[in-house]
Amino acid sequence: TPSKSNHTPHCRRVPCSQVRSSASSQPMSRLVSRRHLAAAAALRRSPAAFASRWLHTPAFATVSPEEISGSSPAEVQNFVQGKWIKSANWNWIVDPLNGEKFIKVAEVQGSEIKPFVESLSKCPKHGLHNPLRAPERYLMYGDISTKAAHMLGQPEVLDFFAKLVQRVSPKSYQQALLEVQVSQKFLENFCGDQVRFLARSFAVPGNHVGQMSNGYRWPFGPVAIITPFNFPLEIPLLQLMGALYMGNKPVLKVDSKVSIVMEQMIRLLHECGLPAEDVDFINSDGITMNKLLLEANPKMTLFTGSSRVAEKLAADLQGRIKLEDAGFDWKILGPDVQEVDYISWVCDQDAYACSGQKCSAQSMLFMHKNWSSSGLLEKMKKLSERRKLEDLTIGPVLTVTTATMIEHMNNLLKIPGSKVLFGGEPLGNHSIPEIYGAIKPTAVFVPLVEILKSDNFELVTKEIFGPFQVVTEYSEDQLELVLEACERMNAHLTAAVVSNDKLFLQEVLGRSVNGTTYAGIRARTTGAPQNHWFGPAGDPRGAGIGTPEAIKLVWSCHREIIYDIGPLPKKWALPAAT
């Protein structure tokens, strides 16, 4: 039972006799279709099938996504100084699909941070390894990545994490599975010797024999990682492994609503050889985490989340921070109209997949007037109407309430010429609690000239972290206005320029700054795979994720060592004072 959880792999599993057939014990019923519902019900009626399923649960796992519910809650612990620990305080997480208390998290209080402070303080500034000290650890992490990639690639483990992601950050199974697959491919990318290649150095000849200048990638030592709810596995795992590869000792904090996913991932990594002392894992509220950062004084903190919190941390930590914060992301459709079906589908995916809860989600669509007669908006509307709660192609919004999104829409509609293109209504027939949002995929048209007015611009470019976008139209002679709007935006994460007109692409790309920009007829705004940089530009604090360049930028600094061993010139004499 949850109250008796320990380190054994089966400690939280519920006996068949305790499995109820009521709706409260069937949390996955809202994650799957009715066909899957019937299968789940049959499974519960069959003790033999129930026992068989546990035989296929990953050995490291201490929970089952299918069984987490109000009647069978899961438990999330902390990990510090090589041990799993609880806390004096339990924070209950409610099921985003029905409001039941279904996960209890051992949240560390301000008076309980001492072990975490002590743990970080044990790590020297030169890190747990670096190019000149303990280089065998680069090879160790190559081996850990190899084992973790293999384990995460097993069908039952892929399915385990995909379903666990769905339970806490509801999205379609395909979207959840893609998050796990990207994480697995990332681990594959850093198998074998690839970790030590991250620390590749260079040498420059000196001025005389025996002198050589060497540039090294050097760790920061004690570091912190703070990540949000929307990608419970991919974001924290990629940043955690990047920090470890370069020789740092991180303390990881994931949004408590979804931290169960990384708790299970850390258990997997321990199975793959991750040294217990290398990583600390903490659950806490923001105030406690802020106190920990100030007392433990990590030499670098990676923060992914809201701009407001990012700016506060940047001040508190005196700039020792890397940020991947909010993104009001734009897409420009160029004058060359083609592949309308495909582009309307990409627009729908960019704006509404994961219920719009991606920092790369399409927030504003600039549509050249040539697209007006293409049927694009009608196709986007029909595609949005395919989305339904039953398969989680639309679902709960975890940081913005329905009332807030409706209020924002109504404020936009006060702007002259504005109108609702589609959506704009709350979802019906659901049990999503009021603390979360539930709204149909929504698009609001606002005239371009009105967007640029000083009284409107801040309102129109306010990021709504949900299934909500602004659409506008421009003519040939209004491209300057579009580029002015892009210039005035503050967040420069992702963007898309949808065109195969090379001169148009050159003009827009040469006058914009977004860090991850897709260009061409297949351009999108979303997508953070393991094969290219993902992160903002235009800010020296900007953090990347996924690639060797991102890892080196975020998790190491440059150190120059100039060897000057001689010999001295044979006839050297003491020179005059200078």
Side-chain angles (χ1 to χ4, degrees), residues 5-9 11 57-63 65 76-85 116 119-120 123 127-129 134 136-154 156-162 164-165 179-192 194-196 198 219 223-227 231-254 258-283 302 530 545-546 551 555:
S5 174
N6 54 35
H7 302 170
T8 58
C11 59
T57 301
F60 64 84
T62 59
V63 298
V76 181
Q77 299 182 18
N78 305 281
F79 193 79
V80 64
Q81 297 186 19
K83 297 179 181 178
W84 290 102
I85 65 167
F116 294 90
S119 183
L120 278 188
C123 178
L128 300 177
H129 62 266
E136 65 276 3
R137 283 174 53 90
Y138 293 114
L139 305 183
M140 178 189 74
Y141 272 103
D143 291 341
I144 292 170
S145 292
T146 301
K147 294 172 185 175
H150 174 73
M151 188 177 290
L152 202 57
Q154 296 174 5
E156 64 271 22
V157 180
L158 280 170
D159 184 67
F160 169 83
F161 277 108
L164 191 58
V165 166
E179 179 178 346
V180 185
Q181 289 172 331
V182 165
S183 302
Q184 191 264 342
K185 286 294 182 183
F186 169 86
L187 291 169
E188 281 187 351
N189 285 345
F190 295 97
C191 294
Q194 296 307 310
V195 174
R196 69 165 146 201
L198 290 171
V223 298
I225 303 170
I226 305 172
T227 63
F231 286 88
L233 180 68
E234 182 180 347
I235 295 176
L237 177 61
L238 269 59
Q239 295 291 15
L240 175 68
M241 297 309 292
L244 291 167
Y245 292 157
M246 299 311 294
N248 302 288
K249 178 190 172 90
V251 56
L252 171 66
K253 173 186 162 24
V254 183
V258 301
S259 61
I260 191 171
V261 178
M262 271 310 292
E263 188 221 40
Q264 296 297 299
M265 188 65 209
I266 290 172
R267 294 178 187 274
L268 181 151
L269 291 172
H270 286 157
E271 288 272 329
C272 296
L274 174 70
E277 296 78 16
D278 280 16
V279 176
D280 294 334
F281 175 68
I282 186 171
N283 298 284
L302 178 282
Q530 72 293 333
I545 192 171
I551 293 171
W555 295 115

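Start at 1 with the first residue, then count along the sequence. Any value given below was found using the heavy atoms of this structure, including those in side chains, with hydrogens, waters and symmetry copies removed.
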Would you confirm whether [X], through its side chain, and [Y], through its main-chain N or O, come within 3.5 Å as a donor-acceptor pair?
X: H129; Y: Y245; answer: yes
X: E179; Y: L233; answer: yes
X: Q184; Y: L152; answer: no
X: N78; Y: W84; answer: no
X: N248; Y: W555; answer: yes

Verdict with reasoning, E277 to L128, per side chain to side chain contact (heavy atoms under 4.5 Å, CB included): CA-CA 10 Å; E277 296 78 16; L128 300 177; over 6 Å; no
Taking only residues two or more places apart in sequence or in another chain, which ones pass ring pair (Phe, Tyr, Trp, His ring centres under 6.0 Å) with F281?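 Partners of F281 under the ring pair (Phe, Tyr, Trp, His ring centres under 6.0 Å) test: none.
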Taking only residues two or more places apart in sequence or in another chain, which ones pass ring pair (Phe, Tyr, Trp, His ring centres under 6.0 Å) with Y141? none
Worked verdict on Q154 versus L158 for side chain to side chain contact (heavy atoms under 4.5 Å, CB included): CA-CA 6 Å; Q154 296 174 5; L158 280 170; over 6 Å; no
Measure the [atom1]-[atom2] distance between [X] and [Y] for me, rounded to the nearest 0.5 Å.
X: M265; Y: L269; atom1: CE; atom2: CG; answer: 4.0 Å
X: I545; Y: I551; atom1: CD1; atom2: CD1; answer: 9.0 Å
X: T227; Y: I235; atom1: OG1; atom2: CD1; answer: 6.5 Å
X: Q239; Y: E234; atom1: CD; atom2: CD; answer: 10.0 Å
X: D280; Y: K249; atom1: CG; atom2: NZ; answer: 4.5 Å
X: T146; Y: L187; atom1: OG1; atom2: CG; answer: 9.5 Å

Quick check: closest heavy atoms across [X] and [Y], and the distance to 0.1 Å?
X: C272; Y: K147; answer: O-CD, 3.5 Å
X: P250; Y: L240; answer: CG-CD1, 3.6 Å
X: M140; Y: P275; answer: CE-CG, 3.7 Å
X: I144; Y: G273; answer: CD1-O, 3.6 Å

I'd like to know whether the aromatic ring centres of H270 and F60 sit less than 6.0 Å apart in this structure.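 No, too far apart.
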Could you check, using the six-membered ring where one of them is a Trp, whether F231 and F161 have ring centers closer than 6.0 angstrom? no
Side chains of [X] and [Y], heavy atoms from C-beta outward: is any pair under 4.5 Å?
X: P236; Y: I225; value: no
X: L302; Y: I226; value: no
X: M241; Y: S145; value: yes
X: Q77; Y: I85; value: no
X: V80; Y: I282; value: no
X: N189; Y: Q194; value: no
X: P219; Y: L244; value: no
X: V195; Y: L139; value: no

List in chain and number order the residues that pass side-chain contact (heavy atoms from CB on, under 4.5 Å) with A276, two or more places apart in sequence or in another chain; answer none if no residue qualifies.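 A276: side-chain contact (heavy atoms from CB on, under 4.5 Å) contacts with F79.
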Side chain to side chain contact (heavy atoms under 4.5 Å, CB included) for E263 and T62? Distances and angles first, verdict last. CA-CA 10 Å; E263 188 221 40; T62 59; 4.2 Å; yes
Lys/Arg-Asp/Glu bridge criterion (N-O < 4.0 Å) met for R137, D278: yes
Might you work through the side chain to side chain contact (heavy atoms under 4.5 Å, CB included) test for V254 and V261, ending with a clear yes or no? CA-CA 9 Å; V254 183; V261 178; over 6 Å; no
Say whether S259 and K253, considering side chains only, have a donor N or O and an acceptor N or O under 3.5 Å apart.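 Result is no, nothing qualifies.
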